Amino acid sequence: MINKTVQNAEEAIKDIEDGMTLMLGGFGLCGIPENTINALVKKGVKELTCISNNAGVDDFGIGLMLQQRQVKKMIASYVGENAEFERQLLSGELEVELIPQGTLATRCMASGYGMPAIFTPAGVGTEVAEGKETRNFNGKEYLMEMAFESDFAIVKAWKGDTAGNLVYRATARNFNPVMAMAGKITIAEVEELVEPGELDPDQIHTPGIYIHRIFQGKNYEKRIEQRTVRQK
Amino acid sequence: MINKTVQNAEEAIKDIEDGMTLMLGGFGLCGIPENTINALVKKGVKELTCISNNAGVDDFGIGLMLQQRQVKKMIASYVGENAEFERQLLSGELEVELIPQGTLATRCMASGYGMPAIFTPAGVGTEVAEGKETRNFNGKEYLMEMAFESDFAIVKAWKGDTAGNLVYRATARNFNPVMAMAGKITIAEVEELVEPGELDPDQIHTPGIYIHRIFQGKNYEKRIEQRTVRQK
Amino acid sequence: MLDKNGIAKRIAKELKNGYYVNLGIGIPTLVANYIPKGLEVVLQSENGLLGMGPFPFDGEEDADLINAGKQTITTLPGSAIFDSAMSFGMIRSQKVDLTILGAMEVSENGDIANWKIPGKMVKGMGGAMDLVASAKNIIVAMQHVNKAGESKLLPECTLPLTGVRCIKKVVTELAVLDVLPEGGFRLLERAPGVTTEYIRSVTAGKLIIEGEIPEMQLD
Amino acid sequence: MLDKNGIAKRIAKELKNGYYVNLGIGIPTLVANYIPKGLEVVLQSENGLLGMGPFPFDGEEDADLINAGKQTITTLPGSAIFDSAMSFGMIRSQKVDLTILGAMEVSENGDIANWKIPGKMVKGMGGAMDLVASAKNIIVAMQHVNKAGESKLLPECTLPLTGVRCIKKVVTELAVLDVLPEGGFRLLERAPGVTTEYIRSVTAGKLIIEGEIPEMQLD
């Protein structure tokens, strides 16, 4: 098998440059590529366009990149829970494009599936439809939305093998598989990196063909945004 | 969980009627719904339109339905290996529509993903493109192909639970997951039917929401079309 | 007049056996607490889960297992997990039987506004636009009037739309109303102790009252 | 002049380390036997497998594990299995680096015909149209002339097309030829013992011969 292993996040992002477009997996703080985000903050690469469902919180996730003013434009479906984000947005430092969550996911998948555009009813009749082609199929209106590609897609999986095959855990899966397919270069960080043959071929969520670089991350914090419990 | 269990193939197909459109999973003879096909043959329902990648062989799979003259139209990507098929086709008894394999798979998936149409370059400049809308994206031509829906989709999985969650084994997966999403009613037959909770939620290939009826099949023959081996 | 739990309780009576249901954030989430005994209902969370279970016991939270409101949750026997594309795939293909969500405004032709207030920080539509554009059956759970005392059931929405002609039913602290295909809110039920006159006074959109309007039965 | 294995052997020299490769039925399948030592190449089978291994040992066949030619095969450590939609997804998105397939005809502008002969039973295109329309690099493995002795390298295809302007290279029992973007077959190599004159005599399409044409090196 082709070995996709790199040593660490620093090596994985060595050619990420100012002005690039990055996709980052995760939903809220769940399933985000913590190690790679930290490395991007350390590297200080700037003027980035980030495509991610959310923008983290002030002191975690993409919020850390916002604090360092590394993000020029954020493409997301929901950006609450982030005061610095709001400040930069209101001051005009940060550009934001909001996209329906399903449209975001499907535009990524379209890229991985080699489909230049998809049709979705989401946003028909709203400001999301402005400037977009609409089309009627079987009496229902749809928007044509274009596939999303990024210079780098950065995803986080639970386990991966050196051939790049990935397995996600619980709802930390979310956007990671669809973004993994949409990077010109895709970086995967995993909690546990194993040898080829240790993952069951039937149980792989993202086949290694979509992954260009993989490394085992460390010190995962896995912060919980809304700890909600019941009492025994 | 919602219980989708039916007793057997006969009960699963009780409302399949003459003239309906059926999707049948499988690639060659691999991963085909043997029990349900046998029940359809026994029931003798006729004038069917069958959508399946292949048409079986003379005495197995969809070939059994062809022998009984139950199929009016076959929609497939490859129909070799079947003398009776060829006879009916040449005599005009059987109508055939040939579709590129990837287009077939993606049109099924489009249905399950609520996308009325998809774009693919497959068939551009060939007779497959006749009468179809073409569109240029980024300098490349694509055909617009419509989502496929069927009255019934019939799939075969390795394991399933009573909530309809399915797990496939090896390349017997093939078209089964995409067709499972494209039936107005989807019937799943499985080698082993288990209780909810016995399948790992992370490892389910087809979530139960797509499945309407499930039963444990019996006496799987699993015939091999091209037994190819090497010597020790 | 109902409290939030009352609204949730009333909406729970709309559930049918075998339904797959998507619950929005806020009052809709509370509906899960009132699913009638004996009904098998499966909750879909659009971040990628079918079969959402209750919140975990204290100390048993799993950071990898959250709902679309980012709350820690649990799975149930028979749950399935999938990616965001498949999640919205099953929403778009109408495999989800019922969507329940909150709203800022609903118009008498079924338009909904619930994501943006001009001049205020816009947080985004999340999955709401996908849900309202695709669902075959949508119930809105909301207060009948806003904090300024103005009706949220309007002839036309004044806020930017989330979706058009999609809302089928509205349940508020005062009433249950159908949104008619030809336009108009048809009053179906009054909350205990609330008069039709009062409902009329706080409903700005076309209100249709035919015959005697019964009080809600909550239990 | 090469036999089928010779053609496969020559094509195998086109493989590069780290390539994902889809092999068609016939001569292309044989290429797997000649992957140069030390190269990591992963074979994709469009029925849903990455990392196709050798045929199973006698008695170890698994009916659930076949390739696109419906032959029993094996997996390798690091293999991954997926459904048909994802399989053609990765083909369409050009994640597969090289496609090798057979042909009935190839034209000097890179069109290919390999699925249908009018008047004969048509078995179908299978995955061929998807592969030729999407692959970034396609090599055709075929005999230089058909059974009637007619050239299969033509100015224009006479049979119904499988794909247009897509073939980059052709390897036959006689020669290795590039298909130029501006049209024409550029002769790159001769099979051992075959003259350029002979190749010219069996190539109906525009043949470009520049300078000395070397003999193939097969080992």
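Source: prediction; values computed, not measured. Atoms considered below: every heavy atom in the structure, side chains included; atoms not considered: hydrogens, waters and symmetry mates. Throughout, a chain's letter reflects where its sequence line sits, starting with A, and its residues are numbered from 1.
Summarising the local packing, NZ of B:Lys132 is surrounded by more than 12 heavy atoms from other residues, nucleotides or ligands at distances under 6.0 Å. Within a 6.0 Å radius of NZ in C:Lys136, other residues, nucleotides and ligands contribute more than 12 heavy atoms. Within 6.0 Å of the NZ atom in C:Lys16, the count of heavy atoms belonging to other residues, nucleotides or ligands does not exceed 12. Annotation for B:Asn138: atom CG does not count as buried by contact number, only 12 or fewer foreign heavy atoms lying within 6.0 Å. Few gaps surround NZ on B:Lys140; more than 12 heavy atoms of other groups in view lie less than 6.0 Å from it. Residue C:Met1 places its CE atom among 12 or fewer non-hydrogen atoms of other residues, nucleotides or ligands, all under 6.0 Å distant. Residue C:Lys206 places its NZ atom among 12 or fewer non-hydrogen atoms of other residues, nucleotides or ligands, all under 6.0 Å distant.
Side-chain contact between B:Asn3 and C:Glu40 is absent, with no heavy atoms from C-beta onward closer than 4.5 Å. No side-chain heavy atom of C:Lys95 sits under 4.5 Å from any side-chain heavy atom of B:Met181. Taking the side chain as every heavy atom from C-beta outward, B:Pro207 and C:Met90 approach each other to under 4.5 Å.
Here the shortest heavy-atom pairing between B:Asp161 and C:Gly78 reads OD2-CA, 3.9 Å. Between B:Asn165 and C:Ser79, the shortest heavy-atom contact is ND2-O, 4.2 Å. The shortest non-hydrogen separation linking C:Gly18 to B:Ile2 is O-CD1, 3.2 Å.
In this structure, chain C has no heavy atom under 4.5 Å from any part of B:Thr162. For a residue to count as touching a neighbouring chain, one of its non-hydrogen atoms must lie under 4.5 Å from one of that chain's; by this rule B:Leu199 does not touch chain C.
Counting only distance, with no hydrogens or angles, the side chain of B:Asp202 and the backbone of C:Ile81 share no donor-acceptor pair below 3.5 Å.
Ranked by heavy-atom pairs under 4.5 Å with chain B, the list C:Gly51, C:Ser134, C:Ala85, C:Ser93 is led by C:Ser93.
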